[in-house]
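Note that the coordinates shown come from a computational prediction; the quantities given were computed from them, not determined experimentally. Note: hydrogens, waters and symmetry copies are ignored here, and every other heavy atom, side chains too, is used. Residue numbers start from 1 in every chain, and the chains themselves are labelled A, B, ... in the order their sequence lines are given, proteins ahead of strands.
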Amino acid sequence: MTRKGPALHHFDIGPEEQLEALRRGAIDIVREEELLEKLLRSHRGGRPLRVKLGLDPTAPDIHIGNAIPIQKLRKFQELGHQAILIIGDYTAMVGDPAGVDKTRPMLTREAVMANARTYLEQVGKILDMERTEILYNSRWFEKMGFSEIIRLASRITVARMLERDDFSLRYKEGIPISLHEFLYPLMQGYDSVMVRSDVELGGTDQLFSLLVGRDLQRDFGQEPQVALTTPLLEGIDGQRKMSKSLGNYIGITEEPEQVFGKAMSIQDGLMRKYFLLTTDLPDERIDELLSDNVHPKEAKMELAKALVARYWGREAAEGAAREFDKVFREHELPEHIAEVVVPRKEVKDGKIWLVRLLVLGGFAQTNSEARRLIAQGGVNINKQTLTDPNLDWEVSPGAVIQVGRRRFARVTVGE
RNA sequence: GGGGAGAUUCCCGAGUGGCCAAAGGGGACAGACUGUAAAUCUGUUGGCGUAGUCCUUCGGAGGUUCGAAUCCUCCUCUCCCCA
């Protein structure tokens with residue numbers, strides 16, 4: 001279960017104190033004075049701030065990296081402010097060029113809508129959806145005429161666009177930039193105009209777009225929003241930004257054991273960042289865990305537990321930790337093992353070609369890949385390593401096959 | 001519109017007629033060591049029922065040749081310079 005924070009009303013907490021809470025883990029606040037001013041006014045007038053976060057449903061899953069600004073939005077909610085979630089169904093079709101070195105593929109409307117549905121489900125693990133305003137930006141973009149697009153496009157210069165690192169880098173390297181990518185920040189900025197946001201959240205790579213929002217709001221006679229950015233999180237490979245397509249992510253709907261295991265595999269050097277951005281442990285506790293008094297592995301266990309607890313609750317976290325110890329310290333079998341059902345027709349004379357079994361079990365894409373795994377000693381059944389790729393294995397239902405260090409399955413025979 | 005350069009396997013990148021399923025690096029995977037960390041070392045990295053004088057892959061379509069990633073023609077796309 002998701003922990004819902006205490007039902008705080010923003011009158012309960014003073015503006016300075018709110019600012020303090022909001023600052024945690026933030027990179028830029030443009031501008032902080034303005035934010036304080038807005039908080040003061042809101043507090044005085046009893047009117048919540050309108051805090052906007054745009055999500056482009058470009059992938060079906062939300063991971064703990066893109067959950068960071070969502071968590072920040074939740075913080076605003078806890079402080080009594082109005083959360084506005086923009087589902088960028090229109091912008092997703094363009095594809096955000098921020099921080100990428102090539103044009104994103106344009107998504108079809110169907111794919112975007114399917115993703116949007118799973119997003120909303122998943123966001124519900126973080127936000128109080130009852131108090132969240134949800135808007136699809138196709139609502140205003142769909143009916144926008146070309147003349148309006150031209151007017152919007154006139155608000156920004158090519159030079160300013162090319163100032164951006166991602167664009168200038170691509171330009172210098174001779175990597176194509178399509179014109180429509182220039183439109184992206186304008187669209188995101190226009191969203192802010194449409195919802196009259198007081199604050200917009202986003203990752204640091206969003207700063208430019210958030211600032212364009214300020215400019216556009218000014219042009220439309222509105223008070224500019226405050227831009228608040230959060231850090232980008234490295235993926236579990238420790239190299240690149242966490243992303244679904246790189247496969248280095250921890251999804252917020254992944255099973256507790258999965259989340260725990262992935263968290264345990266991050267580099268030690270990343271721990272502080274993960275603690276700070278993906279858990280809500282107090283700073284003092286984090287310092288304590290990362291001091292010399294605590295073995296790094298113990299600290300990481302705490303990190304993994306805190307992370308699981310955030311999305312699955314305390315109990316699931318404890319369970320995942322026990323399971324982890326069992327499998328990786330005591331080398332016992334995990335509690336829940338997926339089943340591989342071998343169709344009866346694949347079994348001949350009570351035997352099945354081991355390579356075939358691996359492919360059927362999804363451990364390998366092709367026979368060749370399965371052969372390699374076997375030859376390299378990466379496959380065992382009931383803890384007995386099998387290294388002959390030509391082996392016809394005598395099927396014994398209930399046997400546990402292990403591939404690599406972390407993939408297990410129990411073999412059964414069925415249709 | 002004119003001129004030039006280019007497109008290679010997951011990515012970068014070498015390869016200019018046979019020795020090419022294609023160097024090297026990165027990534028990934030497996031093994032050793034470990035804390036499912038880092039570092040290091042080793043191996044693997046198109047497919048095929050167990051293997052070959054086999055099949056598919058060097059942007060696409062044709063062609064030359066006994067033989068093409070490599071040569072020719074056309075096409076598509078990208079970058080650069082000029083307008």
Side-chain angles (χ1 to χ4, degrees), chain A residues 100-103 105 167-179 181 234-250 254-275 289-290 292 294-305 307-308 320-334 346-349 351-360 362-380 385-393 401-408:
Chain A
V100 292
D101 54 8
K102 58 178 178 235
T103 309
F167 280 143
S168 70
L169 219 63
R170 280 164 68 180
Y171 192 66
K172 273 188 214 119
E173 308 250 314
I175 299 164
I177 303 170
S178 294
L179 207 51
E181 295 182 73
E234 284 88 349
I236 55 175
D237 59 359
Q239 301 285 317
R240 296 158 302 176
K241 183 180 146 187
M242 182 174 286
S243 91
K244 173 86 179 166
S245 56
L246 293 173
N248 62 356
Y249 70 102
I250 301 179
E254 285 187 271
E255 293 299 311
E257 289 78 19
Q258 282 286 316
V259 173
F260 197 96
K262 285 187 177 184
M264 287 306 287
S265 74
I266 66 164
Q267 295 173 22
D268 289 2
L270 240 41
M271 274 201 277
R272 180 172 292 277
K273 199 164 180 185
Y274 268 66
F275 265 125
L289 283 168
L290 295 178
D292 292 338
V294 181
H295 189 282
K297 191 198 168 199
E298 294 309 315
K300 209 177 285 175
M301 293 284 283
E302 289 304 315
L303 169 62
K305 266 196 266 185
L307 188 53
V308 174
R322 274 196 303 277
E323 178 81 353
F324 180 85
D325 263 344
K326 202 168 112 186
V327 176
F328 293 104
R329 209 176 56 200
E330 289 147 36
H331 300 288
E332 284 179 24
L333 294 174
E346 297 282 348
V347 182
K348 288 177 194 88
D349 301 326
K351 293 181 171 181
I352 184 168
W353 184 27
L354 185 55
V355 164
R356 182 77 190 138
L357 179 63
L358 291 188
V359 174
L360 284 172
F363 293 111
Q365 299 278 307
T366 62
N367 289 359
S368 301
E369 195 183 325
R371 272 170 190 290
R372 275 179 231 128
L373 284 167
I374 296 164
Q376 290 176 137
V379 176
N380 73 62
T385 303
L386 303 171
T387 54
D388 178 10
N390 295 327
L391 178 77
D392 287 313
W393 177 63
I401 180 165
Q402 180 180 4
V403 178
R405 265 178 298 186
R406 51 191 96 168
R407 292 186 290 167
F408 298 86

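Electrostatic pairing of A:E369 and A:R372 does not count as a salt bridge here, judged by no charged N lying under 4.0 Å from a carboxylate O.
When the P atom is compared between B:rA7 and B:rC71, the two are found 11 Å apart, to the nearest whole Å. B:rU53 and B:rC66: their C1' atoms are spaced 14 Å apart (whole Å). For B:rU73 and B:rG24, the C1' atoms lie 34 Å apart once the distance is rounded to whole Å. B:rU34 sits 36 Å from B:rG47 when the C1' atoms are compared, rounded to a whole Å. Comparing the C1' positions of B:rG25 and B:rC75 gives an interatomic distance of 34 Å, to the nearest angstrom. The separation of B:rA69 from B:rG15, taken at their C1' atoms, amounts to 8 Å, rounded to a whole angstrom. Spacing of C1' atoms, B:rC48 relative to B:rU57, comes out at 15 Å, to the nearest Å.
Nucleotide B:rA5 has B:rU78 as its partner under the Watson-Crick or G-U criteria, with both atom distances under 3.5 Å. B:rU45: Watson-Crick or G-U partner is B:rG27, with both key distances under 3.5 Å. Across all strands shown, B:rU57 has no partner, as no Watson-Crick or G-U wobble contact with both distances under 3.5 Å is found. Base pairing annotation: B:rU65 forms no Watson-Crick or G-U wobble pair, as no partner gives both donor-acceptor distances under 3.5 Å. Remark: B:rU36 base-pairs with no nucleotide; criterion is Watson-Crick or G-U wobble with both hydrogen-bond distances under 3.5 Å.
Regarding contacts with the backbone of B:rA37, every side-chain N or O of A:S265 stays at 4.0 angstrom or more from both OP1 and OP2. The side chain of A:R405 places no N or O atom within less than 4.0 Å of a non-bridging phosphate oxygen (OP1 or OP2) of B:rU34. Taking only side-chain nitrogens and oxygens, A:K297 comes nearer than 4.0 Å to OP1 or OP2 of B:rU36.
If you check distances only, the side chain of A:R371 does reach the base of B:rU50 with a donor-acceptor pair under 3.5 Å. For A:Q376 and B:rG43, a side-chain-to-base donor-acceptor distance below 3.5 Å is present, hydrogens and geometry of angles not being considered.
By the 5.5 Å and 30° criteria, A:F324 is stacked with the base of B:rU36.
Two residues, A:N390 and A:D268, neighbour RNA chain B, and the one matched to the more 5' nucleotide by heavy-atom proximity is A:D268. Nearer to the 5' terminus of RNA chain B, by closest-nucleotide assignment, is the contact made by A:D237 (compared with the other of A:I266 and A:D237).
Closest heavy-atom contact between A:Y274 and A:E234: OH-O, 2.8 Å.
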